[in-house]
Amino acid sequence: MADRSIQGGGGIRTFPFPVELSVGGVGMQVGPMGAGRTWHADAPLERVHRIDFHVVLLFGEGPVRHMVDFTEYEAAAGDLLWIRPGQVHRFSRTSEYRGTVLTMQPGFLPRATVEATGLYRYDLPPLLRPDAAQLAGLRNALGQLRREYEDTATLPLGLHTAVLRHSLTAFLLRLAHLAASSAESVRQQSDSTFTLFREAVEKDFATNHSVSAYADALGYSRRTLVRAVRAATGDTPKAFIDKRVVLEAKRLLAHTDLPIGRVGAAVGFPDAANFSKFFHQHTDLTPAAFRAELR
């Protein structure tokens, strides 16, 4: 298998969707979890890395511990973990992963489906805990998707791929409903002001830390933006921006060997001293101390 890994985020290893391992070369895979599974021969899953595709894990046993963007999640049997493209994550060395895993390449589904299923709602938590009825529906939909995926003899490839897209959409719509079922998620989804702000921050946080600049660009007053962000998250817009900047700085400090000055520049601090002061204010650690704690 050729090495198609990508060096992204200043050196964080990013692995592409392994099309060559999927049945028929389509842009998705679904099958059992188990020992020895990997995205790439040179990508041990217990090492921190990024992927450029979606992963949904439906656990048949637990507990399982899994790190996503510096937060450790513990999943039990019947829980799901949804990891989105670009998130830094790591599989546990000590947990046994049992259940079903779905991987999906960006672009496999049409844009309308992507929007309807919230594929890029990075504000939603990765760990999902369905109730009994929700779990039964998800298992049935995933089981149907797996049967269609493995049946390559009944239909020509074009029709087979179309059926897979429809079956995948049915599963993801159920999953999206689960992800949005909490009160906080519903508030965030319904608040278009916050949604636009969140998307703008995700796009520009490395170069724009100004609440007023975001408000002006989005056409809102600063007061309107403060109200919307506080209602959705409990934070001020400035705190929301700062948390995103700190997260990216942590990623680069933990998983790359970039000099601290270059890490600061990558998140919008050309002056290394200002970056160190900012990082210390938000973490109670200097960038060097944070890096040393993880190595």
Side-chain angles (χ1 to χ4, degrees), residues 28-35 37 45-46 48-51 53-104 109 113-147 149 167-191 194-195 198 231-235 240 243 247:
M28 61 155 287
Q29 300 175 47
V30 59
M33 302 183 209
R37 185 179 178 87
L45 298 186
E46 68 273 9
V48 291
H49 60 283
R50 299 181 201 245
I51 48 180
F53 51 95
H54 290 269
V55 174
V56 178
L57 304 163
L58 173 56
F59 294 97
E61 299 178 15
V64 174
R65 296 188 64 82
H66 194 102
M67 185 275 281
V68 182
D69 276 340
F70 301 97
T71 299
E72 289 283 344
Y73 295 92
E74 184 169 284
D79 289 347
L80 297 100
L81 196 67
W82 188 351
I83 305 164
R84 290 168 168 83
Q87 291 186 305
V88 173
H89 73 118
R90 178 184 62 215
F91 285 71
S92 170
R93 288 187 174 89
T94 57
S95 298
E96 290 191 9
Y97 288 72
R98 294 290 183 269
T100 305
V101 56
L102 164 69
T103 60
M104 187 193 70
L109 292 176
T113 303
V114 169
E115 293 176 355
T117 53
L119 288 187
Y120 295 95
R121 289 287 306 277
Y122 286 91
D123 57 303
L124 296 176
L127 183 61
L128 303 172
R129 302 186 188 278
D131 61 27
Q134 291 169 328
L135 179 59
L138 286 163
R139 279 180 170 159
N140 288 338
L142 191 59
Q144 178 63 29
L145 175 61
R146 184 174 174 183
R147 287 189 291 273
Y149 176 73
S167 298
L168 177 58
T169 298
F171 171 74
L172 290 175
L173 285 170
R174 289 182 177 275
L175 191 65
H177 174 70
L178 172 62
S181 62
S182 71
E184 178 183 11
S185 297
V186 169
R187 285 198 308 271
Q188 290 181 355
Q189 192 170 35
S190 64
D191 189 335
F194 171 71
T195 299
R198 183 191 68 235
T233 69
D235 280 332
F240 184 89
K243 285 181 178 179
L247 172 60

note = When every non-hydrogen atom of L119 is compared with those of H54, the smallest separation belongs to O-CE1, 2.9 Å
query = Which pair of non-hydrogen atoms, one from K243 and one from D235, has the smallest distance, and what is that distance?
reply = NZ-OD2, 2.6 Å
remark   = Residues at least two apart in sequence or cross-chain that pass salt bridge (Lys or Arg N to Asp or Glu O under 4.0 Å) with R90, listed by chain then number, are E72
task = Using the test salt bridge (Lys or Arg N to Asp or Glu O under 4.0 Å), find all partners of E61 that sit at least two apart in sequence or belong to another chain.
result = none
Test ring-ring contact (aromatic ring centres under 6.0 Å, His included) applied to [X] - qualifying residues, sequence neighbours left out:
{"X": "F171", "answer": "none"}
{"X": "Y73", "answer": "none"}
{"X": "F70", "answer": "H255"}

Side-chain touch Q144/L142, heavy atoms, less than 4.5 angstrom = no
query = Are side-chain heavy atoms of L128 and L81 found at a separation under 4.5 Å?
reply = no
Looking at [X] and [Y], would you say the former's side chain and the latter's main chain have a donor-acceptor pair under 3.5 Å?
{"X": "R174", "Y": "A141", "value": "no"}
{"X": "D79", "Y": "A76", "value": "yes"}
{"X": "S95", "Y": "R65", "value": "yes"}
{"X": "Y97", "Y": "L57", "value": "no"}
{"X": "T117", "Y": "T113", "value": "yes"}

ask   = side chain to side chain contact (heavy atoms under 4.5 Å, CB included) with D69: which residues, sequence neighbours excluded?
value = Q87, V88, L247, R251
